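Heads up: the structure comes next, in structure tokens.
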2 protein chains.
Amino acid sequence: MLSHAAEDYLKSIYKLQEKEGKVSTGILAEYLDVKPASATGMIKKLKSMNLVKHERYQGVTLTKAGKAIALEIIRHHRLLELYLYKALGVPWDGVHDEAEKLEHVISEEVEARMDEILGYPTEDPHGSPIPDKNGVVPETFSIPMTELQDGQSCVVAEVSDNDSALLRHLGSFNLYPGTAFRVIEVAPFDGPFTIDIAGQQAVIGREVAKNIYVGKVNEVVNV
Amino acid sequence: MLSHAAEDYLKSIYKLQEKEGKVSTGILAEYLDVKPASATGMIKKLKSMNLVKHERYQGVTLTKAGKAIALEIIRHHRLLELYLYKALGVPWDGVHDEAEKLEHVISEEVEARMDEILGYPTEDPHGSPIPDKNGVVPETFSIPMTELQDGQSCVVAEVSDNDSALLRHLGSFNLYPGTAFRVIEVAPFDGPFTIDIAGQQAVIGREVAKNIYVGKVNEVVNV
DNA sequence: AATTATTTTTAGGTATAACTAAATTATAGA
DNA sequence: TCTATAATTTAGTTATACCTAAAAATAATT
């Protein structure tokens, strides 16, 4: 059996590995809000359990066994988020923190019941894919909003779930996964995005836009 | 903030205090399946937080603050049991262990949502009273089944929830809270109870009967 | 009242997971 | 190439929560 902390490390390594390939101790420590020395200690422990591969100064990667556990925790987290949102009416900016605690604790049995009740969903309330029981992650195709240009139309695919203030901010513009919008103008010198959401205009700063991923981009010629 | 272990100690002291008044270190340790020395250590810690009163060799009692926390945890536990049973279809012999883990982790907000969805219930699936938000425990009137005599009819009020094998055994006789039955015969010398449940006979040993509490006892004259 | 038995406490030790501070290794600039 | 900076690791400390074994205090028995 793994400790909650160990599970969090595996989950974080998986997420960071997605983007960056190998994960450095420093990045991992920063992500988890612990000191690098603490991360080194946990990496050692996980290595001794054959859950990660690690060469000093070269970063960590998950082994097959480590990845399986990471995906199991992520599945717990995302199914819980959706269940809390849909079945219990927890607001979408609150489900992350709650799921963060519950994910280490629920049984496979309860998870299976939630999965069934929800109709075997493939996405959580923030648009992130829910891995299935066998650790298969549904493929998603999306790009950061920061790559959009003037006049492009698209649909919100996924937003970061870990900052509840950000989520409330997005909610105030109705920027949920599935919401369509059009880029009116991208201000020069890495300035903010002015967008149109169902007739309402909104100004989205670059830092915020980094946390929004969009799919189905269509070029639209302006009049 | 309290550790999970500390919460478990408070909960256990509350339950033991119900029956016995003051709770000895040894009894508490046995109940929690830890060594007496461990109980002493935790009692010290809880005393320093003003959650329990304790005089060496005289046993522990909860303070007002300690009782409030104990009742909050018990409320979490029993609401969770009922929610798992009713909303998620977890079998009644499984809800205890699951609730035992979740009770330390769910937020007041999620609890409030469950409470509402369940219609502000006052009893868990084993017939135990659910304290309200303010720590008021619904009064219950029940006596151990071991006090019944030949010919008496009554209704199951409450059963112990912590032994899943026992619960499966009771389930096989349909002995759920609310089930009516009649005592056919009590064997002499502390022997087993032969009872009639909706026309089906069952033999219930004394050790099992100790875990069943009954209400609404009516004398019935046999033909 | 003295001895025995039980209960409780103290003392010392284990494991986990965090920390700080110092030492080591790697990388990049002069 | 050598040095300065940055990243990583090691070493040692702290806190929680449990343990065992032995000492101390209380209760029960003769």
Side-chain angles (χ1 to χ4, degrees), chain A residues 1-14 16-17 19-62 65-66 69-70 73 100-101 103-105, chain B residues 1-14 16-17 19-62 66 69-70 73 97 100-101 103-105:
Chain A
M1 263 277 71
L2 279 178
S3 67
H4 294 185
E7 289 181 349
D8 280 335
Y9 273 89
L10 290 175
K11 190 175 67 161
S12 302
I13 293 166
Y14 177 85
L16 294 169
Q17 198 177 301
K19 309 268 170 192
E20 335 234 352
K22 288 193 172 179
V23 182
S24 74
T25 306
I27 297 281
L28 180 59
E30 189 192 24
Y31 187 79
L32 281 163
D33 199 25
V34 298
K35 299 289 174 247
S38 308
T40 301
M42 183 57 87
I43 289 166
K44 263 188 171 175
K45 210 159 293 171
L46 293 172
K47 190 180 180 183
S48 79
M49 295 189 255
N50 281 308
L51 298 174
V52 300
K53 284 191 269 282
H54 180 242
E55 309 268 335
R56 30 181 19 234
Y57 296 93
Q58 299 301 123
V60 247
T61 348
L62 295 174
I69 294 170
I73 307 295
E100 202 70 18
K101 296 178 294 177
E103 66 188 6
H104 303 294
V105 157
Chain B
M1 263 277 73
L2 280 178
S3 67
H4 294 184
E7 289 181 349
D8 280 335
Y9 273 87
L10 290 174
K11 191 175 67 159
S12 302
I13 293 167
Y14 176 85
L16 293 170
Q17 197 177 301
K19 308 269 170 191
E20 334 235 352
K22 289 194 172 179
V23 182
S24 75
T25 306
I27 296 282
L28 181 60
E30 189 192 24
Y31 187 80
L32 281 164
D33 198 25
V34 298
K35 299 289 172 244
S38 307
T40 301
M42 183 57 87
I43 288 166
K44 262 188 171 174
K45 211 159 293 170
L46 293 172
K47 190 180 180 183
S48 79
M49 294 189 255
N50 281 307
L51 298 174
V52 300
K53 284 191 268 282
H54 180 243
E55 308 269 333
R56 37 195 356 245
Y57 296 93
Q58 298 301 122
V60 248
T61 348
L62 296 173
I69 294 170
I73 307 295
D97 290 347
E100 202 70 20
K101 296 178 294 176
E103 67 187 7
H104 303 293
V105 156

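All of these numbers come straight from a predicted model, not from anything done at the bench. Below, chains carry the letters A, B, ... as their sequence lines are ordered, and counting in each starts from 1.
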*List for me each residue that meets ring pair (Phe, Tyr, Trp, His ring centres under 6.0 Å) alongside B:H104, sequence neighbours excluded, and say none if there are none.*
B:H4
*Taking the side chain as C-beta and beyond, is there a heavy-atom pair between A:E100 and A:D8 under 4.5 Å?*
yes
Without placing hydrogens or testing angles, list every side-chain donor-acceptor pair under 3.5 Å for residues 27-53 of chain B, not counting sequence neighbours.
unit_1 : atom_1 : unit_2 : atom_2 : d
B:T40  : OG1    : B:P36  : O      : 3.1
B:K47  : NZ     : B:H54  : O      : 2.9
B:S48  : OG     : B:K45  : O      : 2.7

_If the cut-off is 4.0 Å, is B:K44 near the phosphate of C:dT10, judged by side-chain N/O to OP1 or OP2?_
yes
*In whole Å, what is the span from the NE2 atom of B:H54 to the C1' atom of D:dA25?*
13 Å
*Please list, by residue number, the residues of residues 4-11 of chain A whose heavy atoms come closer than 4.0 Å to an atom of DNA chain D; answer none if no residue qualifies.*
none
*asked:* Going by the rule salt bridge (Lys or Arg N to Asp or Glu O under 4.0 Å), which residues pair with A:E7 if we only count those two or more places apart in sequence or in a different chain?
replied: none
_Is there a side-chain contact between B:E103 and A:V105 in this structure, where contact means two heavy atoms from C-beta onward sitting under 4.5 Å apart?_
no
*Atom-pair distance (CE on A:M1; C1' on C:dA15), nearest Å*: 16 Å
_Please report the distance, rounded to the nearest Å, between CE in A:M42 and C1' in C:dA15._
12 Å
*Once you round it to whole Å, what is the distance between P of D:dT26 and CD of B:E55?*
12 Å
*What parts of residues 31-41 of chain B reach DNA chain C, counting only heavy atoms under 4.0 Å away?*
B:P36, B:A37, B:T40
_Rounded to whole Å, please give me the gap between CD1 in A:I43 and P in D:dT10._
11 Å
Would you tabulate the nitrogen or oxygen pairs shorter than 3.5 Å linking the protein to nucleotides 25-28 of chain C?
unit_1 : atom_1 : unit_2 : atom_2 : d
C:dT25 : O4'    : A:Y57  : OH     : 3.2

*Taking atom P of C:dT10 as reference, at what distance in whole Å does atom NZ of B:K45 sit?*
14 Å
*Just to confirm, is there a sub-4.0 Å distance from OP1 or OP2 of C:dT9 to any side-chain nitrogen or oxygen of B:T25?*
yes
*With side chains defined as the heavy atoms from C-beta onward, is the minimum distance between A:L2 and A:I69 less than 4.5 Å?*
yes
